[in-house]
Structures are given as C-alpha cells and as structure tokens.
Amino acid sequence: MQTTAYFRGPIEETMALLVEARTFMMETEWWDRQKVDGVKGLRITNETFRLTSRLTQVMSWLMFQRAVHNGEISAEYAMEDQFRLSGHDVCLDTSHCNDAVISDELRSLLNRSHKLFLRIERLETSFARTATRYPPSSNNEELDANFGHAEPEH
C-alpha cells in the first residue's frame with residue numbers, strides 16, 4: 001500500500017531536514033566548535049544533539065503511523081507510550097534562540113526542527129483524541145470489514 005500524501009509531506013520534510021542536518025554536522029559543526037572555547041563548543045554540541053533528538057523522534061513517530069496506515073500494526077499498538085513522541089523536555093527547549101554562539105545555519109535547522117516537532121505533536125494529540133473517542137472494537141472482524149485490513153485466514 002502506498003503512503004498517502006497525508007504522511008508523504010511530513011516524511012519528506014523530515015528526511016530533507018535529516019540530510020541537511022547530516023551535511024551540517026559533517027561539513028560545518030566541527031569547524032564551528034573549533035572557533036570557540038570549550039564551554040561554547042559544548043553548547044554547540046548540545047544543540048546539535050537536540051536537533052538530532054527532534055528529528056529522530058519525529059521520524060520514528062511518522063514511521064509508526066505509516067505502518068498503521070499500511071495495516072502492518074494496529075493504531076492501538078502505535079499509541080502505546082513507548083511509541084509516542086518523547087523527550088519533550090529536550091525537544092521543546094528553545095534556549096538556543098538567544099545564544100550568540102549558535103551559527104545561523106544551526107539556528108535555522110533548530111528552528112525548523114522545532115516547528116516540525118510541534119506540528120507532529122499536535123497531530124499525535126489529534127490521533128490520541130480520536131482513538132479515545134472511538135475505542136477499538138472487541139470484534140476484529142467488524143474492524144476489518146469497516147477498515148479493509150482483513151487478511152484471509154488460511
């Protein structure tokens with residue numbers, strides 16, 4: 001089953017940010033840290049880890065949602081705590097905004113990843129509300145008939 005446009009956009013955006021972040025880390029981040037003293041270098045490293053954490057959380061969540069959409073796992077399974085967005089204390093921190101040691105390139109990546117994380121967090125909240133309003137039926141045949149996920153039994 002193909003990924004719908006509903007997920008294709010966020011997945012493509014996340015992949016593009018991952019590639020851009022990787023390029024930044026491979027080509028620029030090390031040099032940025034060499035220009036400053038140890039504590040400032042640690043702040044750059046800390047924000048780079050924050051960027052990685054956000055993008056990892058978002059991509060993981062999107063992959064689970066795609067698996068739900070493709071019928072590979074149930075929505076209930078994907079909504080278990082271990083598969084939901086986490087690391088909010090790290091991912092929602094925006095202290096980099098006023099940190100002069102952070103380069104414009106890293107700041108741009110951080111800002112865009114933060115906005116993406118917030119959008120996906122709202123989407124997850126919406127999915128959770130929907131799951132609460134429409135709890136799973138105990139009758140799997142009824143679910144399969146309504147949502148077309150039935151596999152023929154052999």
Side-chain angles (χ1 to χ4, degrees), residues 1-33 36 40-137 140 143-144 146-150:
M1 192 181 290
Q2 296 235 343
T3 303
T4 64
Y6 191 69
F7 292 108
R8 191 174 316 124
I11 289 172
E12 288 176 0
E13 179 181 2
T14 305
M15 282 302 296
L17 271 171
L18 280 165
V19 169
E20 191 176 343
R22 179 191 176 278
T23 301
F24 168 79
M25 289 177 215
M26 297 292 292
E27 297 176 0
T28 308
E29 189 260 346
W30 185 85
W31 294 106
D32 284 354
R33 281 188 294 114
V36 296
K40 291 178 182 177
L42 285 174
R43 291 195 337 241
I44 293 169
T45 300
N46 185 56
E47 294 308 322
T48 302
F49 282 131
R50 186 180 321 284
L51 171 63
T52 303
S53 294
R54 284 178 185 154
L55 295 175
T56 302
Q57 285 293 320
V58 167
M59 186 56 84
S60 174
W61 188 86
L62 288 168
M63 292 295 102
F64 267 91
Q65 297 312 307
R66 184 166 72 177
V68 169
H69 176 76
N70 290 342
E72 298 166 16
I73 62 173
S74 71
E76 295 77 28
Y77 182 72
M79 290 304 292
E80 290 182 13
D81 285 344
Q82 68 217 31
F83 305 121
R84 295 186 70 171
L85 288 175
S86 63
H88 290 81
D89 56 332
V90 171
C91 295
L92 295 177
D93 185 311
T94 58
S95 58
H96 70 276
C97 292
N98 299 317
D99 193 339
V101 76
I102 303 300
S103 69
D104 290 340
E105 186 176 2
L106 179 54
R107 188 181 324 279
S108 172
L109 286 164
L110 286 164
N111 289 338
R112 288 181 286 147
S113 68
H114 182 255
K115 289 176 185 175
L116 177 63
F117 187 88
L118 289 174
R119 285 196 322 270
I120 298 303
E121 183 181 48
R122 284 191 301 270
L123 191 58
E124 180 184 61
T125 300
S126 173
F127 283 11
R129 260 190 255 127
T130 301
T132 303
R133 269 188 262 149
Y134 304 105
S137 168
N140 285 336
L143 279 175
D144 291 339
N146 287 331
F147 296 102
H149 294 298

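One-based numbering along the sequence shown. Quick caveat, the model's predicted, so the values are computed rather than measured.
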Can L17 and L116 be said to form a side chain to side chain contact (heavy atoms under 4.5 Å, CB included), step by step? CA-CA 10 Å; L17 271 171; L116 177 63; 3.9 Å; yes
Nearest heavy atoms of I11 and M59, plus distance in Å: O-CE, 3.9 Å
Short side-chain to backbone donor-acceptor contact, R50 and V90, under 3.5 Å: yes
May I ask you to decide if L109's main-chain N or O and S113's side chain share a donor-acceptor pair within less than 3.5 Å? yes
Please confirm whether the backbone N or O of R84 pairs with a side-chain atom of E124, one donor and one acceptor, at under 3.5 Å? no
Taking all heavy atoms of R33 and all of G41, pick out the closest pair and write down the distance. CD-O, 3.5 Å
Hey, is R119 close enough to E13 for a salt bridge, meaning N to O under 4.0 Å? yes
Worked verdict on S86 versus Q57 for side chain to side chain contact (heavy atoms under 4.5 Å, CB included): CA-CA 7 Å; S86 63; Q57 285 293 320; 3.2 Å; yes
W30 vs M25, test: side chain to side chain contact (heavy atoms under 4.5 Å, CB included). Steps then yes/no. CA-CA 7 Å; W30 185 85; M25 289 177 215; over 6 Å; no
Find the distance between CD (E27) and CD (E105) and round it off to the nearest 0.5 Å. 8.5 Å
Using only atom types and a distance under 3.5 Å, with no angle test, would you say the side chain of R107 pairs donor to acceptor with the backbone of D99? yes
Show every ring-ring contact (aromatic ring centres under 6.0 Å, His included) that has at least one partner inside residues 82-107, sequence neighbours left out. F64-F83, Y77-F83, H88-F117
How many angstroms lie between atom CG of D32 and atom CD of E47, to the nearest 0.5 angstrom? 13.0 Å
What's the verdict on side chain to side chain contact (heavy atoms under 4.5 Å, CB included) for T94 and H114, showing C-alpha distance, side-chain angles and the deciding distance? CA-CA 8 Å; T94 58; H114 182 255; 3.4 Å; yes
Side-chain (T56) to main-chain (T52) donor-acceptor, under 3.5 angstrom: yes
Considering all heavy atoms of both residues, which atom of V68 and which atom of A78 are nearest to each other, and what is their separation? CG2-CB, 3.4 Å
Nearest heavy-atom approach of T14 to V58 is OG1-CG1, 3.4 Å
Are any of the side-chain nitrogens in E20 or R112 under 4.0 Å away from the carboxylate oxygens of its partner? yes
